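In this text the structure is predicted, and so the values were computed from the model without any measurement. Keep in mind that the numbers below use all heavy atoms, side chains included, and drop hydrogens, waters and symmetry copies.
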Amino acid sequence: MEIRIVPLSEGEKKAKFTDESKLGFGKIFTDRMLLVEWKAGQGWVDARIKKNEPFVLDPAALVLHYAQEIFEGLKAYKWADGSIALFRPEMNARRFNHSAERLCMPEVPEELFVGGIEQLVGLERDWVPSAEGTSLYIRPTMIAVEPVVGIKPSDHYYFYVILSPVGAYYPQGFKPVRIMVESKYVRATPGGTGEAKTGGNYASSLKAGLEAKEKGFDQVLWLDGVEKRYIEEVGAMNMFFVYGDTIVTAPLQGTILHGVTRDSVLTLARSLDLKVEERRIDVNDLMKDIRSGAITEAFGSGTAAVVTPVGALCYKEECLEVSGGGVGKHTRTLYDTLTGIQTGKIADTFGWIRKIA
């Protein structure tokens, strides 16, 4: 599909940031956005890159009442030679369409998803920051815009992409976080939308996250929604535990997001001659293994923070340190190698990097 470029006048362009150390995360947005519409009987129509500006939505738009919405998150990096690189965007396209299928939404052709992002980022390349730890965050989204108050799949959708120059997700940098195992609320149940990247999953997690922060924790570690016994995700990240030279993570069984960074961590770990296990992890066994020292490290993975070390994990009334409260050697190696590939400091032998012309 051809994407139309709507010219911007100089007066429509925003002043760019001058201090990359103060970018924060997700608060600044670039001049342009990609917008494509899907209409019943027509399919995808009117693809254009235009000024990033508010939508005018009917108050009855389905997304506002029944939350028919999905999104993705990926990053573009400015390398030392000035080139711009994307990290595994085709994986995000496939996961986006997996979410779309679950929410009864139309799939976006992979060439439109990836090609549209490449064109948009190419036009906005001056917005990509270059300081250590910075990147251009990319947010593809689809929303149902048909104006009808009735529970049904929409006949009209917007697929759009916005861009945000960002600093580190955690302002304190690559430091261990304190995690609270959530024993009251649940994130997802079998047959639900846990493996779809949809806003309702995140809205329902807010209460547990706020209560954890009030108790002095950084994130919530979710248990399964049936027995409240098996480890699932941590916050909005996939969770990993290290037993010596073996990395263990929960299996993908319909309630856990198919993390792009998760897949990258597992692939990278195998290439470093680490053993990988995808299996159910009982929280009681987990605490016992931390107590005994069998678990030597713990970390989460996700697009925003890449790899986040866990320094302490608390379940009910018991709090235990992991890695002596510091960063484990395998966690550090995985973080350094993965970010090194993303930023061009380490050669990409996996075919993960996609350069923007």
Please work out which of the three classes, parallel, tilted or perpendicular, describes the rings of H98 and H258, given edges at 30° and 60°. tilted

Are R95 and E72 close enough for a salt bridge, meaning some N to O gap below 4.0 Å? yes

Using side-chain heavy atoms (C-beta onward) and a distance below 4.5 Å, is Q342 in contact with S135? no

side-chain contact (heavy atoms from CB on, under 4.5 Å) test vs E233 passes for just one of M239, R187, R262, namely R187

Between L252 and L257, the two heavy atoms sitting closest are CD2-O, 3.7 Å

Give a yes or no on whether E132 atom CD has more than 12 heavy-atom contacts from other residues, nucleotides or ligands under 6.0 Å away. no

N/O donor-acceptor pair under 3.5 Å between K197 side chain and I70 backbone: no

Any chance CG of L206 has more than 12 other-residue heavy atoms, nucleotides or ligands included, within less than 6.0 Å? yes

Is there a donor-acceptor pair under 3.5 Å between the side chain of T331 and the backbone N or O of V327? no

Please report the shortest heavy-atom distance between F96 and P140, naming the atom on each side. CE1-O, 3.9 Å

Aromatic rings H156 and Y158: how do their planes relate, parallel, tilted or perpendicular, breaks at 30° and 60°? perpendicular

Salt-bridge present (K215, E211; N to O < 4.0 Å): no

Is the shortest distance from a Lys or Arg side-chain nitrogen in D273 or R270 to a carboxylate oxygen in the other one below 4.0 Å? no

Sort out for me which residue in L120, L86, I117 forms a side-chain contact (heavy atoms from CB on, under 4.5 Å) with I356. L86

For Q42, is the CD atom crowded, meaning more than 12 foreign heavy atoms sit under 6.0 Å from it? yes

So which atom in Y137 and which in T303 form the shortest heavy-atom distance, rounded to 0.1 Å? CE1-CG2, 4.1 Å

Lys/Arg-Asp/Glu bridge criterion (N-O < 4.0 Å) met for D336, R332: yes

More than 12 heavy atoms of other residues, nucleotides or ligands under 6.0 Å from NZ of K355: is that the case? yes

Is any side-chain heavy atom of L272 less than 4.5 Å from a side-chain heavy atom of T333? yes

Can we say E118 and R354 salt-bridge, meaning some charged N sits less than 4.0 Å from an Asp/Glu carboxylate O? yes

Using 4.0 Å as the upper bound for N to carboxylate O, is an ion pair formed by R48 and E37? yes

List the steps and the verdict of ring pair (Phe, Tyr, Trp, His ring centres under 6.0 Å) for F71 and Y160. CA-CA 9 Å; F71 65 97; Y160 65 93; over 10 Å; no

Can we say D31 and K14 salt-bridge, meaning some charged N sits less than 4.0 Å from an Asp/Glu carboxylate O? no

Relative to the ring of F240, is the ring of F299 parallel (under 30°), tilted (30 to 60°) or perpendicular (over 60°)? parallel

Looking at R94 and E110, is any side-chain nitrogen of the basic one under 4.0 Å from a carboxylate oxygen of the acidic one? yes

